[in-house]
Peer 1: 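Let me give you the structure first, and then I'll get to my questions.
Protein chains get the first letters and strands the later ones, always in sequence-line order, with residue 1 at the start of each.
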Amino acid sequence: MFIDSSESRDRFGFGFIFSSEWDPVKEEFGALPFIYGTILSSIIALIISLPVSIGVAVFLSEIVHKSVKTPVSFLIEILAAIPSIIYGFWGIYVLAPFMRTTVQPMLQSVFGFLPFFKGQMFGTGLLTASVILAIMITPIISSITRDILNAIPVSQREAAYALGATKWEAIKMALLNARSGILGGSVLGLGRAIGETMAVTMVIGNKAQIKASLFEPAYSMASVIANEFAEASGSMHISSLIEIGLILFGVTFVINSLARLLIYSVTRNAS
Amino acid sequence: MKVLTAILISLTLISCGDKKEVTTSKPGSQINGAGATFPYPIYSKWFSEYGKVNKDAKINYQSIGSGGGVKQITEGTVDFGASDSPMSNEEIEKANTKNNNKIIHIPTVIGSVVLTYNIPGIDKNINLTPEAITGIYLGKIKKWNDPVIQKENPDLKLPDKEIIVTYRTDGSGTTYVFTDYLGKVSEEWKTKVGTAKDVKFPAGQGGKGNEGVTGLVKQLEYSVGYVELVYALQNNLKYANVKNSEGEFIAPTLESLTKAAEQTSAEIPDDLRQSITNAKGKGSYPISSYTYILIYENQKDAQKGKTMKSFFEWALTDGEKFAKDLGYAPLPETVIARAKQKVSGLKF
């Protein structure tokens, strides 16, 4: 990738990362809108998904009876097996209209003073892509969290009850002990969100721009590669797309390292 | 060391075996093609129908996209390529020098791009002028009841709503044809945006593939988008009548496409690379194009060359009959004659 992107690296240098121009006809290329779209959509997805996932995990491992637990966890895990193109079409035909008619007007009426929720509501756009991603990564994070919670020794729970803790206090303690595992699961989910292509490209709007509003169309790195690589004609265009791939690799690497660091610091404090 | 020699010997044996197979290729050796997705349904129909006529012909076609077709034929990894837009001069130059050969273009059928829209309460085909289409896609015309659009639709009451513009985000022949047309009717489009398989659209948002654009248009009220005619027909989409260079509003039908080709066929150049967008002449729909087979004039493998020659001759004669049923416009007679000349010029 490094070698094949030499043409665009030579021409644009580091400016490639900071330029938001993407014009295949004039051969002007810059990666900033794609980096922005990828990172922001993934992080919002994580913010939406994390509380849901933890809630699901706690519900399944601590609260319900086994007869409910098995089918429900099976159903959630099956979510992870749905092909992303199916999510994409569901997104465009079901989620996007729902976002346009219900979610976005609601957000705008409550938080309309913030720049993130201003502007025209299309239904598609950055926020919708984040919601799709959140749904896609929830099974990953929740099943890892559930496994971690299950791994916590029963004796610890019994000790908590013996000291007079309520059920909620016992769960809180279990979650506290499981935090490094939850973090690890989140990183796995985030990695999936960053690399996700088809589902995102169906709903994100595919416009290389950076706007404050989350309702506006955006673009992601994986999507632009999938969309343009097959038909890219000029060698500069191909080279730029390969450089985007290189940056995507770099971003994933940085995020993974940061997460490792985070896990490390959390576990160190715990011990 | 022993192992290494053994590997080397076996490799030599394998490569000898390969060579032998190529030189004694029997009738029925596999012909490979790759390229445009748009003509894929009719090409696969042709292959299966031709298979009934000539049992030895085995043709394999991969619909990987026009750009892919051009790349593969340039690399010489396929026997023929297919593209919705003719190769540029540089591309031809590159392919010719690389393979020490001459690439030829054979038009097969005509495709077209239609503007589809979603305006609640409007069931009739709306009329759009070139000025209206460029205005919308440049982001200058923002509302449906803009005088530029309204005055051509006197019997309709267009709403005072913002137009949501959608486009194809993946590189495609469809976008090429559409931007080729816009570049011809608007100087501003030509200089600001240009013509290509993917361009930087000044306004709107993108959907992936015909199905992505259709999805957006169906979901977003007051939106407009462009898709292939075949796709619009199959999915019963509403489409606009477009004003042609004669000042008539023409609906995209198979007849109006063939007409556009017919009336420009007198000016078709020797290499058959011709853009038929904004075609002159009465009754012609202005946003259409030929789709091409790309093939080298000198075929190295005589057997394959022979099969391909007879296949393309069959396709241009009997194959064209299948076009209409599948939603493609057949070539006009004059162009068929020219294309056949090209096919008979294949050497092997």
Peer 1: Can you tell me how far apart OG1 (A:T124) and CG (B:L216) are? Round to the nearest 0.5 Å.
Peer 2: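 Those atoms lie 5.5 Å apart.
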Peer 1: Identify the residues of residues 192-206 of chain A whose heavy atoms come closer than 4.5 Å to a heavy atom of chain B, ordered by number, or report 'none'.
Peer 2: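 Checking residues 192-206 of chain A against chain B gives A:M198, A:T201, A:M202, A:G205, A:N206.
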Peer 1: Of the backbone (N, CA, C, O) and the side chain (C-beta and beyond), which part of A:I238 lies under 4.5 Å from a heavy atom of chain B, both, or neither?
Peer 2: side chain
Peer 1: Can you pull out the residues in residues 214-227 of chain A with any heavy atom less than 4.5 Å from chain B?
Peer 2: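 At a heavy-atom separation under 4.5 Å, chain B is reached by A:P217, A:Y219, A:A226, A:N227.
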Peer 1: May I ask you to list the residues in residues 6-41 of chain A that approach chain B closer than 4.5 angstrom, counting heavy atoms only, ordered by number?
Peer 2: A:E21, A:W22, A:D23, A:P24, A:V25, A:K26
Peer 1: Mind listing the closest non-hydrogen atom pair of B:E211 and A:F89 along with its distance?
Peer 2: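 Heavy atoms only, the tightest pair is CG-CZ, 3.6 Å.
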Peer 1: Using non-hydrogen atoms and a limit below 4.5 Å, what part of residues 160-170 of chain B faces chain A?
Peer 2: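 Expected list: B:E162, B:I164, B:Y167, B:T169, B:D170.
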Peer 1: Quick one: pull up CD in B:Q219 and CG in A:L95 and give me the separation to the nearest 0.5 Å.
Peer 2: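 Between atom CD of B:Q219 and atom CG of A:L95 there are 10.5 Å.
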Peer 1: Of all heavy-atom pairs between B:F201 and A:K207, which one has the smallest distance, and what is that distance?
Peer 2: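 Heavy atoms of B:F201 and A:K207 come nearest at O-NZ, 3.3 Å.
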Peer 1: Is the number of heavy atoms from other residues, nucleotides or ligands under 6.0 Å of A:K118 NZ greater than 12?
Peer 2: yes
Peer 1: Atom NZ of residue position B:K200 - does it have more than 12 heavy atoms of other residues, nucleotides or ligands inside 6.0 Å?
Peer 2: yes
Peer 1: Shorter than 4.5 Å, heavy atoms on both sides: which option in B:A196, B:S66, B:G207, B:G68 has the most such pairs with chain A?
Peer 2: B:S66
Peer 1: For the CG atom on A:L75, are there more than 12 heavy atoms of other groups (residues, nucleotides or ligands in this structure) within a distance under 6.0 Å?
Peer 2: yes
Peer 1: Just wondering, are more than 12 heavy atoms of other shown residues or ligands nearer than 6.0 Å to OH in A:Y93?
Peer 2: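 Count over threshold, so yes.
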Peer 1: Need one label for B:V70: side chain, backbone, both or neither, based on atoms under 4.5 Å from any heavy atom in chain A.
Peer 2: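 B:V70 has no heavy atom closer than 4.5 Å to chain A.
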Peer 1: Between B:A36 and chain A, with a heavy-atom cut-off of 4.5 Å, which part of the residue counts as in contact: side chain, backbone, both or neither?
Peer 2: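 No part of B:A36 comes within 4.5 Å of chain A.
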Peer 1: Please determine whether the number of non-hydrogen atoms from other residues, nucleotides or ligands lying under 6.0 Å from atom NZ of B:K102 exceeds 12.
Peer 2: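 Result for NZ/B:K102: open.
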Peer 1: Identify which part of B:K192 has an atom lying under 4.5 Å from any heavy atom of chain A, answering side chain, backbone, both or neither.
Peer 2: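 Contact with chain A: backbone only.
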Peer 1: Kindly check if the number of other-residue, nucleotide or ligand heavy atoms within 6.0 Å of CZ (A:F2) is above 12?
Peer 2: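 For A:F2, atom CZ is not crowded (no more than 12 foreign heavy atoms under 6.0 Å).
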Peer 1: At a heavy-atom distance under 4.5 Å, which candidate from B:G69, B:S172, B:G194, B:G204 has the highest pair count against chain A?
Peer 2: B:G204
Peer 1: Heavy atoms, side chains only, cut-off 4.5 Å: are B:D198 and A:H237 in contact?
Peer 2: yes
Peer 1: Inspect the surroundings of OH in B:Y222 and state if more than 12 heavy atoms from other residues, nucleotides or ligands are less than 6.0 Å away.
Peer 2: yes
Peer 1: For chain A, which candidate among B:G171, B:G65, B:G206 shows the most heavy-atom pairs at distances under 4.5 Å?
Peer 2: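 Most heavy-atom pairs within the cutoff with chain A belong to B:G206.
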